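Since the structure is predicted, the reported quantities are computational estimates derived from the model, not experimental observations. Each chain gets a letter, A, B and so on, in the order the sequences are listed, and its residues count up from 1.
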Amino acid sequence: MSLPPIDLAVFHDHGFTRRQCRITNLWFWTCDKDRTTCGDTHEDEYTFIGKPLIQGFEQRGKALKDAMREAFLSFFETFEHHRIQPYPVLARWRDDIHLTIASIADFQPHVTSGQVAPPANPLTISQPCIRLTDVDAVGRSGRHLTTFEMMAHHVFNRPDEGEMYYWMEECVAYCHQMLTETFGVEAAEITYVENPWCGGGNAGPAVEVIVGGLELATLVFMNLEESEDGDIELKGDRYREMPLQIIDTGYGLERFCWAAAGTPTIYEAIYPETVEWLKTLSGFSEVASNWPDLDLDKVLGEMSRLNGIMNIEPGVDAEHLSQLFIERLSQRDVSITQEQFLAVTEPLARIYAIPDHLHALTHMIGDGLVPSNAKAGYLARMLARRILRMRDDLGIDVTLAELISHHIDVNMEGHNMKQTRDGIITIMSLEEERYGEVLRKGTNLIKQSLKSIAQDAEQLPDELLFQLNDSHGLPPDMVINMAQAIGWSQLRLRTGFSAELAERHAKMAKAAASTDQHTSYVHELPQLPKTVPLYYNDVHQRSFDASVLASIPLLEDVALESATHAIVLSESCFYPEGGGQEGDYGSLTTDGTSRQVLDTKKENGLILHLCDGPFEVGDLVHGSIDWSRRKQLMDHHTAVHIVGGAARRILGPHIYQAGSNKSSELARLDVTHYRRLTREDLDAIEVLSNEVLGQVSRIEKIVLPRHEADKKYGFDLYQGGAPKGNEIRVLRISDHDVQACGGTHHDEPGKIGSIRVVRSTAVQDGVERLHIVAGDSALSFAREQGEILREASKTFAVASEDLPKTAERFFTEWKEQRKRIEQLEAEIVRLRTTGGGDDSMNVDGVRMVVMEVQGNLKQLTSMLQELTRDPETPTVAVLGSREGGGKLMVACTESSIASKRYNAVDLLKSIIPHIKGGGGGRPTMAQGGGSDADGLDAALEEARRLVQS
RNA sequence: GGGCGUGUAGAUCAGUUGGAAGAUCGCUACCUUGGCAUGGUAGAGGCCCCGAGUUCAAAUCUCGGCACGUCCA
């Protein structure tokens, strides 16, 4: 069975009829008798360019967006939808995506799965979203954006629990009423296209709302989930109805603006100030004056109408596209050469894309993101670099910080940003600096790489381009441009290369994705009630009594040390590893047996005590935990929260926990920051952390329903990772730090004693790892440091205060003396080589020196150098030394009869077996060593024989 | 999370098959000049990132660490 037709009263009431599109074959509803297409095909041009279809909105830019958004939200408010504040663009409540890509993403996965209640029902929202998949098409297609606001009304129905708010009929009715009444759209311009939606294991009927050739909204009725024995078939997969029935709508705010403005592209409707500014700065306005005959306005007008049917998607070859455009334009009596076309469209594409990218970047950085070379931070860096490149291509002289400042002034007023303006500007300046550095290094590298390429080459090797891109951040087209500029004028980028590059990356990504795995500790977990955790009620409880519910042998490959069995109890105060806190150790005993608990883990709500032996099911056991270890873990865990809060107060609002680990020896806290931390930073964090220990007398532990926690404390709660349940355990250390955390913590910070921030290391760019010790570990750390100091001072026989000064003195003296030794060795060599007449002889005008000397390879080298330096006395020298198992060296005076007649390597190879060694070198200088110094005499004797013959 | 790349003089970088640590700029002194720009000559400046291993021999090869860069998810 497939989905039935979407046949609603609202269609009939407004005189709409159902037809099948002659191009796409999709069914659609229209009240225009002449319409034969669904509206979104390659024959449906944009009809609103120059002739707005949405009436009553004369503003442009931010004012237009604000008015449009307000009109939408208040429409739904009057129909009893609750207005929800937008979520951040960084999807920190999710671990599967970095960015908020749709309004429904706010409620995934737990609201949409039914585990967590929605914040309101029904609700309306305008959610800023970022999607980078189409980034290449932005600016070129006239309609693509990386950042947009998705206006929506959402409903979460539970028919099985008698909670049914509304479904398709009402949903479409709201949409139609809003379009025609609030926005003044003629009903004849609207088509509703039936096009089922599926994705991510869910599916349902859906309606696309098309106005003037532009898809303004999609109304999705999500009521199906993937199931092998489902009775509904959609696009090859089987589905069944699910208990939760969700209305997921998406109205493109910017598209509404565009339809209201009727501008040639969407960018002029929403970013008019920046587009004008960049046109002026880049001198684009004068481009047309190069060709007085060209009617630029007409070209652009026709182009934007064409945009609607050209279906410009990312990855389309630019050259091919331009030819297609020129062809189509000529069909419409617009004649333009390729040169003219590119001179107009290339700069325009950049002028349009820059404000869009700035908007996305401002949102991301504004939400507290730090640019990085990994994860979401990398996406921000990519956007920043795209902006900088486009700016350079346009030849504009403004900094990234100035561009962002301008954007904030024009577009961000009233938007609540977490990061400060100064913070954003600092981060942008650092990014631009870094970009400059990549360019500078890249230029050198390209010059270097080109050395091996013929000046008249037409292409560069694929491997070179791949490598320059992947390892050095130099995009292929930039490499070609640079190479052309410095003399390789014939070079072109091979058609299709960019596509191959993308494909290569996709392959790598696919290979990486398939290596995901989950470790389990036992073969099969029995169905048992969740273990009752005692550690939340009283974190100080050290022992308890419980009954054994299961005793399961551990899987071979996860067995650690001597643990053999996982014991499941009815309740436990053993804390299982989680939230970066290691599991508790201790013991379980009955009257007869006693087992060590070597680690504690959690799986499917069951606490697994990993023991060194089994129990009988039904045994009553007495459990007691290793308290000193637990106390230390609590010291470290609570300290991590305090240090995190301190770092945020000292370094800025972008400080976010990127991971943490607490063992009994030390704790590690990874935080996001845009530059390396100095010791001064660490000191300030340490001082503030210790102040908190004294100032805050109690740590609050509160359990809240999820949406209440979100509302009260915001998404910074979820720094430790996205929690799963509807109930959130909030740990609040006054206003210093508030986080959702399932770990065990002290009730009073003062119990920790003291905190030391030992050092910081870099995890990746944009993430610093703080090494922290607290409580007893802090004391033993101090003791160890003292011991290191004492040991070092003992070696120097000085007081530890004098150690740095003394070490420095020793080091400089060591350097000076090393130099002095070199000089003295040279002197020794000079003395030895001037005297040795006895060991030299003359064979046909070549001086032969064969002798045993004292010294290492380095000294022998200098001696040989001295002996064979003078071209006036051609010399072959063979030196031997007994050091280190015997050394032999042979050298000939360069470019003389000596080097013509004798080969140092051959000579060496003939004599080296006497000392049981090997060696090699160049024809004029060879060296080798052996393991039998006693053979040295024989070796030298053979050398004498060889040179005489 | 995965792939790739780079650590050599104060700076920017060469360094071939493992076999004698280099260039350019900067620095110091001297020469040229009335002085400066410039030109000439000489010199100083190196834990070749750190630690193991292989080898007669490691800046070079292998492994580990640290630091930096970059592409992708």
Between A/Trp93 and A/Tyr718, ring centroids under 6.0 Å:
no
Which heavy atom in A/Thr146 sits nearest to a heavy atom in A/Ala360, and how many Å separate them?
OG1-CB, 3.6 Å
Can you tell me, in whole Å, how much space there is between the P of B/G10 and that of B/C48?
11 Å
Check every atom of B/G69, B/C71, B/G1 against the side chain of A/Asp765 and return the nucleotide holding the closest atom.
B/G69
Given B/G1, B/G69, B/C56, the nucleotide with the shortest approach to the side chain of A/Arg434:
B/G69
When rounded to the nearest Å, what value does the distance between P atoms of B/A23 and B/C31 take?
25 Å
Distance check, P atoms only: B/U62 and B/G7, in whole angstrom units.
14 Å
Answer with base, sugar-phosphate or nothing: what part of the nucleic acid does A/Ala762 contact at a heavy-atom distance below 4.0 Å?
sugar-phosphate
Check every strand shown and say whether A/Glu437 touches a base, only sugar-phosphate, or nothing at a heavy-atom separation below 4.0 Å.
nothing
Using atom P of each nucleotide, how far apart are B/C50 and B/A9 to the nearest Å?
11 Å
When you check the phosphate oxygens OP1 and OP2 of B/G3, does a side-chain N or O of A/Arg504 lie under 4.0 Å from one of them?
no
Nearest listed nucleotide, side chain of A/Trp814, among B/C47, B/G45, B/C56:
B/C47
Consider the side chain of A/Gln448, meaning its heavy atoms from C-beta on, and name the nucleotide among B/A14, B/C71, B/U70 that approaches it most closely.
B/A14
Taking atom C1' in both B/G40 and B/A58, what distance in whole Å separates the two?
40 Å
Return the nearest nucleotide to the side chain of A/Thr861; candidates are B/A67, B/A20, B/C71.
B/A20
Taking atom P of B/G19 as reference, at what distance in whole Å does atom CD of A/Gln927 sit?
9 Å
Whole-Å P distance, B/A11 and B/G53
31 Å
To the nearest Å, give me how far apart NZ (A/Lys916) and P (B/C56) are.
14 Å
Closest approach to the side chain of A/Phe811, judged atom by atom: which nucleotide of B/U70, B/G45, B/C47 is it?
B/C47
Spacing between A/Lys815 atom NZ and B/A44 atom P, to the nearest angstrom:
15 Å
Nearest-Å distance for atom pair CG/C1', residues A/Asp470 and B/U6:
15 Å
A/Thr875 side chain vs A/Ala877 backbone, donor-acceptor pair below 3.5 Å:
no
Rounding to the closest angstrom, what is the interatomic distance between B/G43 and B/U38 at atom P?
23 Å
Mind telling me whether A/His654 and A/His673 have parallel, tilted or perpendicular rings, with 30° and 60° as the class edges?
parallel
Counting any heavy atom closer than 4.0 Å, what does A/Thr761 reach on the DNA or RNA strands: base, sugar-phosphate only, or nothing?
sugar-phosphate
Let me spell it out: for each of A/Lys441 and A/His472, pick the nucleotide of RNA chain B with the closest heavy atom. Which residue's pick is nearer the 5' end?
A/His472
In whole angstrom, give me the gap between the C1' atoms of B/G22 and B/A14.
7 Å
On a heavy-atom basis, the closest approach of A/Gln927 and A/Gly921 is OE1-CA, 4.2 Å
Against the side chain of A/Arg922, the closest entry in B/G19, B/A67, B/C13 is B/G19
Spacing of A/Phe466 atom CZ relative to B/C4 atom C1', expressed in whole Å:
13 Å
Side chain A/Asn373 and base B/U70 donor-acceptor under 3.5 Å
yes
Name the closest nucleotide to the A/Arg381 side chain, picking from B/G1, B/C13, B/U70.
B/U70
In whole Å, I'd like the distance from the NZ atom of A/Lys819 to the C1' atom of B/A9.
10 Å
NA contact type, A/Gly929, heavy-atom cut-off 4.0 Å: base, sugar-phosphate, or nothing?
base
A cation-pi test, strictly: NZ or CZ of A/Arg504 under 6.0 Å from the centre of the six-membered ring of A/Phe466 and no more than 45 degrees from its axis. Yes or no?
yes
Would you kindly give the NZ-to-C1' distance between A/Lys447 and B/C13, to the nearest whole Å?
12 Å
Distance under 6.0 Å and angle within 45° of the ring axis: does A/Arg92 meet both against A/Tyr656?
yes
